[in-house]
Structure formats: C-alpha cells, structure tokens
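This chain uses plain numbering: 1 for the first residue, then up along the sequence. First listed ligand is number 1; within each ligand, the first listed atom is number 1.
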Amino acid sequence: MNPLDLGKIQAAAAAIDYLEDGMIVGLGTGSTTNHFIAMLGDLVAKGFKIGAIPTSQASARLAESLGIALIDINQAERIDVTVDGADEVDQFHNLLKGGGGALLREKIVAHATDHMVVIADRSKRVTDLGAFPLPVEVTSFGFTITAKKIFDVLRETGCSDADVKLREAGAPGRPFVTDNGNFILDCSCGHIPDAATTAQALNAIPGVVENGIFLSFPHTRRTIIFGDEDGVEVMGGVVGV
Ligand SMILES: O=C(CO)[C@H](O)[C@H](O)COP(=O)(O)O
C-alpha cells in the first residue's frame, strides 16, 4: 500500500480513541475521513452509539450506508468531537482545507465543536500555509468580479503568488457546484505570510461565502494526528492552540 494511504489509515484509527458512547460526532469530508467513517461504522455495528453530523452529502451517504445514525445540525446545540482531514496544517495548527469542496459546512461544524480532531498523513505538515491552492467558496452570481477582488486581496496581504481559477467538474467550462449551490475558486497563493489577515480580508469581499483557512478557535480544543507507515504523532489538544 502507498505510504500516504497507510498514514491516513493510521491517523483515522487513532482518532477513534477520542470518541465516547453517546457523543455527537461531526464527520469531515475526504479520503482520510472516509477511513475514519468506515471504522466508526464497524464500532456502531458492535453496539457503539453516537449521533453523527456530516459535513457533506458524500460523508452523509457513506455514514448512512454503514448504519451510522445521522442528526440534523439544526437539532444539535453543540458537537462533542469532530474528526476531519486537512490539505495543510501549519506550525500553529492553522489549517488549509476545502480540497474536497466541503469547506463551508466543515467550518460551520468545526466552529460548533468542543474538540476538533484533525487527521492527516505527514505530507500535510507545513511551516506556513499556501503551497496547496486555497479554496474559496463564492456565489455563482458575479463570480468573475469576486475572483478579481480575491486576486487583489492575495496581493495586498503579501502572498507570494496570486492566481485564481474556477474549479471545474469533469469537463472544461463546467463549474464544480458545492453542496450549498455555490462555486469554488482555487487560489494559488504560493506562501501566505499572515493567515489571519488573508482569511479576514477574503471574507470581507461581497460574494465570498467562506475561505479554506481554519484558524484556531478560542473555544475549541484542537488535536492534530499525523500518520505514517510507522504510526502516529499526536499534537496540540489545548483549548485555542
Ligand atoms: O477539506 C477537505 C474537504 O473539503 C478535506 O479534509 C481535505 O481536502 C483533505 O482531504 P483528504 O483526506 O482526501 O486528503
């Protein structure tokens, strides 16, 4: 097996330790989270009881197919633990997410969560964010104007590169549409020198629904689990870190 895939599986298996019977659990989106959902399905089949809040239709379908009970997010006051992947994790445990196009629901769920457990293979570990193109969810209305404003923000906030591309779905010219009916602009940033400033400036643009920079939330504990073929490294776990 590819060492990166093994790392994803190791990280997903380690995340199971953070669950307790009766919890409300947020389910992220992506290939790493899919391993976690499969393992959770095995636990549920053995009688473990949780209510799950998925961050995408894809994760909802997978969880349902495995007999995991889903909860409507609007019926939940809070979420005990969310397990989700990441495209990059920086030295301060800020995340770059949205490679799977689910960043809006992922951020809503993460922000409503007491303890976020991030699972990733070691290739996702970086010093600063930005080598992976930053996904930004935008309204379809006026998206070319929004794209120009985003380009300006990337330049103004010191990113070393600024190239904004509409994400396509399978065929040239056919936009990828998110579960929320929006488009994704993938933004090559090169190096993002100040993730907080860039994230704030992006969200201030009319037409931007949300961006893929997940800063630490002061009210949420964040644990990072990096996996590789030899095992896992667990970091963080302190509120606001
Ligand atoms: O943010 C995400 C989806 O919107 C994913 O968590 C991120 O893209 C990582 O995916 P994978 O586990 O497949 O590497």
- [ ] Can you pull out the closest protein heavy atom to atom 11 (P) of ligand 1? Residue, atom name and distance to 0.1 Å, please.
- [x] Ser31 OG, 3.3 Å
Task: Crowding at CD, Glu229 (>12 non-hydrogen neighbours, <6.0 Å) - done: yes
Open item on the list: Taking 4.0 angstrom as the limit and counting only heavy atoms of Gly98, give me the atoms of ligand 1 inside it, by number and element.
Closed with: 1 (O), 2 (C), 4 (O)
Open item on the list: If we set the cut-off at 4.0 Å for heavy atoms, which region of Ala86 has an atom near ligand 1: side chain, backbone, both, or neither?
Closed with: backbone
Open item on the list: With clusters defined by side-chain heavy atoms of hydrophobic residues (ILVMFWY) lying less than 4.5 Å apart, directly or transitively, does Val81 cluster with Phe36?
Closed with: yes
TODO: Could you check atom 8 (O) of ligand 1 against the protein and tell me its nearest heavy-atom contact, residue, atom and distance included?
DONE: Asp87 OD1, 2.7 Å
Open item on the list: Any side-chain to backbone donor/acceptor pair from Asp80 onto Ile24? Under 3.5 Å, distance only.
Closed with: yes
- [ ] Go through ligand 1 atom by atom and flag the ones less than 4.0 Å from a non-hydrogen atom of Thr32.
- [x] 11 (P), 12 (O), 14 (O)
Open item on the list: Could you tell me, atom by atom, which parts of ligand 1 come under 4.0 Å of a heavy atom of Asp84?
Closed with: 6 (O)
- [ ] Please check if any side-chain donor atom of Thr82 sits under 3.5 Å from a side-chain acceptor atom of Asp84, or the reverse.
- [x] no
Open item on the list: I need the atoms of ligand 1 closer than 4.0 Å to a non-hydrogen atom of Gly85, numbered in the order shown.
Closed with: 6 (O)
TODO: Heavy-atom contacts with Gly101 under 4.0 Å: which atoms of ligand 1 show up? List them by number with element.
DONE: 4 (O)
Task: Least distance between heavy atoms, Asp87 atom then Lys124 atom - done: O-CD, 3.3 Å
TODO: Can you measure from OG1 (Thr146) to CZ (Phe183) and round to the nearest 0.5 angstrom?
DONE: 11.0 Å
TODO: Can you sort out which atoms of ligand 1 are near Thr29, meaning under 4.0 Å from one of its heavy atoms?
DONE: 2 (C), 3 (C), 5 (C), 6 (O)
Open item on the list: I want to confirm something. Looking only at heavy atoms, which of Glu88, Glu137, Glu106, Lys124 is nearest to atom 2 (C) of ligand 1?
Closed with: Glu106
TODO: Check whether the side chains of Thr127 and Gln91 place a donor and an acceptor atom closer than 3.5 Å, and report yes or no.
DONE: no
Open item on the list: Within the 4.0 Å heavy-atom shell around Ala102, which atoms of ligand 1 are there?
Closed with: 4 (O)
- [ ] Mark yes when over 12 heavy atoms from residues, nucleotides or ligands other than Lys107 sit less than 6.0 Å from its NZ; otherwise mark no.
- [x] yes
TODO: Show which atoms of ligand 1 fall inside a sub-4.0 Å distance from at least one heavy-atom site of Lys8.
DONE: 14 (O)
